[in-house]
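Naming: A, B, ... by sequence-line order, numbering from 1 per chain. Computed from a prediction, not measured in an experiment: that's the story for all the values here.
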Protein chains: 2
Amino acid sequence: MEDKYPGLKLGNQLCFPLYACSREIVKKYKPFLDELDLTYTQYITMMVLWEKEQINVKELGECLYLDSGTLTPLLKKLETKGWVTRRRAREDERVLIVSLTEEGRKLRDRAAVVPEKMSCCVKLSPEEARTLYTLLYKMLGECC
Amino acid sequence: MEDKYPGLKLGNQLCFPLYACSREIVKKYKPFLDELDLTYTQYITMMVLWEKEQINVKELGECLYLDSGTLTPLLKKLETKGWVTRRRAREDERVLIVSLTEEGRKLRDRAAVVPEKMSCCVKLSPEEARTLYTLLYKMLGECC
DNA sequence: TAAAACAAAATTGCACACAATGAAATTTAC
DNA sequence: GTAAATTTCATTGTGTGCAATTTTGTTTTA
């Protein structure tokens, strides 16, 4: 009776610790990101822009595994804060190009401490972290 | 210039693939859970109840890493669907006890196929899956 | 070349998550 | 014995996520 459906036990799920862990880590980021007036999703969006300077919504969505339903309002907020600009591509008016502003670039310097601060809260060895990283990207690449 | 802050590159983050992977897998569940009229969060809640038959909100929140702000409306929905009942504990009126109904128990039989169906979409070897599972619980336990 | 097909964002609606606050019951400290 | 602190759940407000649809623009095709 107890184990009629072992696959339905929370402790036998791979997805559940993934889901819980993801949320717990994002929560850990909050105090550091609050200081920058960024949410986690806004943070990873800025991360893409710090690397690429400008990108369109479609490509950004592919980078972050997010769609326009999430990105459109988020990018408007980042625009309001003055960190990005949004404009249509001249050669194809359907495409919206998001660009980093000078203010957005400055934010990067302030954000530089976040990864260090976070690193002390991940208690895995460098090797374990690398293994985890590899397995996650394997799942992300092959299954999703 | 390019690598002024390597810690701020998306590709150097451990959190990002965790976050993306979690959402992608939950998305994979959707078609199967739709057939049961369950969301993913409702599904893991029912999973706890299928194991324990009854539990109070506080303990449920500890199991799932969720708080009452998420659970209260979710449990009301599960009650509306007829799968759980909600009542206060007589010995301590602050405590709300959630119990599985007969209908909720029946749902378990229909849900039994979900883990099988999902397993074909995780492309990790059993050993890799076990490693991932262990590392995730290590993070969840020690860091969060 | 006009209509149909396609593509990219935006919009809408629903369901979380979660911080912050509130309300009610219980426990603790004096 | 009661005021203060604590505990438990509910409520509120903000910000995602995402499916489905709409709008606008571009490309293809008959």
[X] has an atom [atom1]; how far is it from atom [atom2] of [N], in whole Å?
X	N	atom1	atom2	answer
Asp34(A)	dC18(C)	CG	C1'	12 Å
Leu64(B)	dC16(C)	CG	P	12 Å
Arg87(A)	dG25(D)	CZ	P	17 Å
Lys27(B)	dA20(D)	NZ	P	12 Å
Leu33(B)	dA19(D)	CG	C1'	15 Å
Ile55(A)	dA8(C)	CD1	P	14 Å

Letter per nucleotide, 5' to 3', of nucleotides 9-16 of chain D [B base touched, S only sugar-phosphate touched, - untouched; heavy atoms, 4.0 Å]: SBB---SS
Within 6.0 angstrom of Lys81(A) NZ, more than 12 heavy atoms from elsewhere: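 More than 12 within 6.0 Å, yes.
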Point-to-point distance, once rounded to the nearest 0.5 Å, from OG of Ser22(A) to CZ of Phe16(B):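 Interatomic distance, Ser22(A) OG to Phe16(B) CZ, rounded to 0.5 Å: 10.5 Å.
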All side-chain contact (heavy atoms from CB on, under 4.5 Å) counterparts of Asp67(A), not counting sequence neighbours: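 If we apply the side-chain contact (heavy atoms from CB on, under 4.5 Å) test to Asp67(A), skipping adjacent residues, the hits are Thr70(A).
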All side-chain contact (heavy atoms from CB on, under 4.5 Å) counterparts of Ser99(A), not counting sequence neighbours: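 For Ser99(A) the side-chain contact (heavy atoms from CB on, under 4.5 Å) partners, ignoring immediate neighbours, are Gln54(A), Thr85(A), Arg87(A), Ile97(A).
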Whichever of Glu91(B) and Arg23(A) has its nearest DNA chain C nucleotide further upstream toward 5':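 Final value for this comparison: Arg23(A).
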Under-4.0 Å salt bridge between Lys28(A) and Glu24(A):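 Between Glu24(A) and Lys28(A) there is no salt bridge, as every charged N stays at least 4.0 Å from the carboxylate O atoms.
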Side-chain touch Met118(A)/Ile25(A), heavy atoms, less than 4.5 angstrom: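 Side-chain contact under 4.5 Å: yes.
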